[in-house]
Amino acid sequence: MGISLSIEDPVDVELGYTMRDLPPRAGHTFPGRETPLIDREPDGSARPHTPGTPTFMRAGGRNLLGSEPELLRRCQLSSTSSLESPLSPSQSKSPWSRFDPYDSIEDQDKEYVGFATLPNQVHRKSVKKGFAFTLMVAGESGLGKSTLINSLFLTDLYKDRKMLNAEERITQTVEMTKHTIGIEEKGVKLKLTIVDTPGFGDAVNNTESWRSVVDYIDQQFEQYFRDESGLNRKNIQDNRVHCCLYFISPYGHGLRPVDVEFMKALHEKVNIVPVLAKADCLTPRELTRKKIKIREEIETFGIKIYQFPECDSDEDEEFRLQEQELKDSIPFAVVGSNILVESKGRRFRGRMYPWGVVEVENPAHSDFLKLRNMLVRTHMQDLKDVTRETHYENYRAQCIQDMTRMVVRERKRSLCSQLRESTSDLPLVPVDSETERLIWEKDEEVRKFNKHGKS
Ligand code: GDP
């Protein structure tokens, strides 16, 4: 299978810069965040990046490292009182000590070993290393996959795309394409890989169109398994697919057979997140009904889509509500656009129609923001964890089982041929009790080996 790398050199896209073109509307904040994406100082000026800029955001706007005014307060406090607290292990001059959990006034008179700084060390290491995420998009062509990806990541990944005509598409097989971009936001680097499946669902007979996608996912697992079992395990490239956005047509009556087939073929291998494409084609009533129908069908057909993790018992009410809202939004009804529309003095990504304008980022118009927040802000790490702990683990266990079976079969075969050789040395006489004993002994050896090998 040919994988074409359309973008050879990763392109740096400064998300913060692009976001400046798209300020959130007055009174419209991103769920889980009350401030625009760019970092601003209290006086309104853009704050230069510091290596320790908090990035661990969770839904509910909570920051694992504390709110910014709180951090500023801590910095000021630590600079004025550092000499009075010789016992605090947080006296380093490192820029990271700004987030030192010991740098608070109430901690200054206590004795500490210092392991409360461990999260900071992990934070620093991961920021240095950077992050990688692989997102697959699948669904019939024309459903707005490329438009949505460009809108989600504020980029233009598909400028070199070649569109096939109807005749070419009749015989077209599903082909996997991969685009990689480097995105940097507030000093945090993300290597984002988008895997597309052009041709999916476009042929006259689509019964097996999921096969190339399954093969692709398995190949990435296989490559990772090989690398992980090899000698140089330090710089393994992780190309495993962490999430698959599956686009469902807004025009059908719920799921089509090809949707069911595809999701069932993939649900044990990848985190499937269903999206209802081109949501602006549906009235609010139609949209609600379609969502309910699709959720029911997903249940009826036993399709295991990505499950949002259950909230911990110590989570606050706001977080719980946001998680529930996410669950109820499935399939995410999305609208994409590559065009900046200007209306009433504001510029935003939208779709302009004779009867009005659809705003991509308006929660009243689509679930676009919910999807982006889920993918990037709140669940990216969980999607990676589930890929590693569940999907890849299943693949790995299956591989090890197959390999063990192969080794046992091979040993058995060689023992049999040894037996054949040893018995051929004996004079050709009718099988007597001694030969029978010998054969029995060899068979017993094989049996024992099998039993041992399996246990
Ligand atoms: P792909 O083949 O699935 O990648 O689809 P494209 O992104 O190329 O979009 C196909 C057509 O649908 C283009 O004309 C887009 O402008 C249009 N389109 C994309 N997203 C939306 C949407 O959310 N709503 C509507 N109404 N049209 C869309």
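Order of listing sets the numbers, starting from 1, for every ligand and every atom in it.
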Among T147, D280, I149, I339, closest by any non-hydrogen atom to atom 19 (C) of ligand 1: T147

Evaluate [X] for polar contact with ligand 1, using N/O atom pairs at a separation under 3.5 Å.
{"X": "K145", "answer": "yes"}
{"X": "L143", "answer": "yes"}
{"X": "G142", "answer": "yes"}
{"X": "G336", "answer": "yes"}

Candidate list L148, L369, D280, test side chain to side chain contact (heavy atoms under 4.5 Å, CB included), partner V334, passing option: L148

Between [X] and [Y], is there a side-chain N and carboxylate O pair less than 4.0 Å apart?
{"X": "R226", "Y": "E222", "value": "yes"}
{"X": "K327", "Y": "E310", "value": "yes"}
{"X": "E393", "Y": "R396", "value": "yes"}

Ligand 1 atoms in contact with V335 (distance to a heavy atom under 4.0 Å): 23 (O)

Within 4.0 Å of some non-hydrogen atom of S141, the atoms of ligand 1 are 2 (O)

Hey, are D215 and Q219 close enough side-chain-wise for a donor-acceptor pair under 3.5 Å? no

When you look at T134 and N239, which way does the side-chain hydrogen bond (donor to acceptor under 3.5 Å, both in side chains) test go after all the steps? CA-CA 7 Å; T134 300; N239 290 319; 5.3 Å; no

Contact between Y353 and ligand 1, counting heavy atoms under 4.0 Å? yes

